[in-house]
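Model, not experiment: these values are computed from the prediction.
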Amino acid sequence: MTQVLPHDLAAGLGTRAVHAGQVPEPLSGAVMTPIYQTSTYIQEGIGKHKGYEYARTENPTRQALERNVASLEGATHGFAYGSGLAALDVLLKVLKSGDHVVCGENLYGGSHRLMERIYTRFGLQFTFVDSRDIRNIEAALRPETRMIYCETPTNPMMQLTDLAAVGDLTQAHGYLFAVDNTFATPVFQRPLEVGADVVLHSTTKYLNGHSDMVGGILVTRRDDLAEQFGFIQNAAGAVPGPMDCFLALRGTKTLPLRMRQHDANGRAVAQWLAARKDVERVYYPGLTSHPQHELARRQMSGFGGMISFDVGDATRARRIAERTRIFVLAESLGGVESLMGHPASMTHASVPPAMRAAMGLTDSLLRLSCGIEDLDDLLADLDQALGA
Ligand SMILES: *Cc1c(COP(=O)(O)O)cnc(C)c1O
């Protein structure tokens, strides 16, 4: 089990991002945590070792990442996995056949697929509701309900769930409350401080931030959950390799710095898009026109770089997506480079058209992940693509 050291929780977020979870390497004093590329560790005698026996169970590079992210989220335990979905897989393995989960309906497609196509086969039950209104969550509760699982803001419609309200509900009734904090990151949103029990990340996105690895993590303050996450990490074995942990750890060092730039670019690009007559709608929690802007201001300290916008015409949307030069047409998000996506044909192609239409996910919707480039260059790129 990877536990956060007391000194990791005391400093400010920027300091913790750089230092938490890391100690100089004992052999040489190397400041950077090495990539401990080993499967096993020498034992001085039978049962006599330094706390490391086999790398599925313990790896120092992985532990440094786990402690670092746990500290950033204000958690006391972290467990890293081979992908964000592997982290969700572990979270669901805490449940048992017959248990029921209430989820936001606008989840990451892969999360929905894991729940509906795999875990229902093992007897878990899921209800997907519009979690913008807590009454929909309350109405879905059953005697077998064990967990409430939310993503906020959602992808790509940027819908929000009131974390404090759900936190109050789950704490009053003893439900497990898990939040996928991939979009907002601990820099802008702190679910554990308003009643969540678990935070999940796809470290592939903002935490790593450089689009060069795939990984996931679960963090918690609850010792009972930590024990299970660690047990399943070892027993089921979906661990990340030390190289990927090293890359993610290098990423988290600059997370607060990068998020400031993602946020600044996101706000400016959203405002620029909202002012254009040839853009029908802009979905960004930082805009005063966002229907949940007040909630966004209450529970987020920044709005980040994710924006969706509707250009009203599917052919035009495709043309724009293929004409940008700086915004790269690609899946994923959260890297230093700006990306553009067409949700209806890319990330959300597996969602039935009727369901897409019901949530406003039209064929003319485009999604941006604003990187950290110069704003003027991003606007010029969008301007030439939209004007074409
Ligand atoms: C990408 C993503 C995931 C899945 O993470 P992987 O690392 O791709 O497995 C889960 N949730 C959100 C919000 C994501 O963006």
Would you call the rings of Y206 and H262 parallel, tilted or perpendicular, taking 30° and 60° as the class edges?
perpendicular
Would you call the rings of H293 and F303 parallel, tilted or perpendicular, taking 30° and 60° as the class edges?
tilted
Taking ring-ring contact (aromatic ring centres under 6.0 Å, His included) as the test, write out the residues that go with [X], two or more places apart.
| X | result |
| --- | --- |
| H49 | none |
| Y108 | none |
| F128 | H112 |

Do NZ/NE/NH1/NH2 and the carboxylate oxygens of [X] and [Y] come within less than 4.0 Å?
| X | Y | result |
| --- | --- | --- |
| R276 | D383 | yes |
| R62 | E66 | yes |
| D381 | R325 | no |
| R260 | D263 | no |

Do H77 and T220 have side-chain atoms, one donor and one acceptor, less than 3.5 Å apart?
no
For [X], I'd like to know if atom [atom1] has over 12 heavy atoms of other residues, nucleotides or ligands within 6.0 Å.
| X | atom1 | result |
| --- | --- | --- |
| R316 | CZ | yes |
| R142 | CZ | yes |
| R356 | CZ | yes |

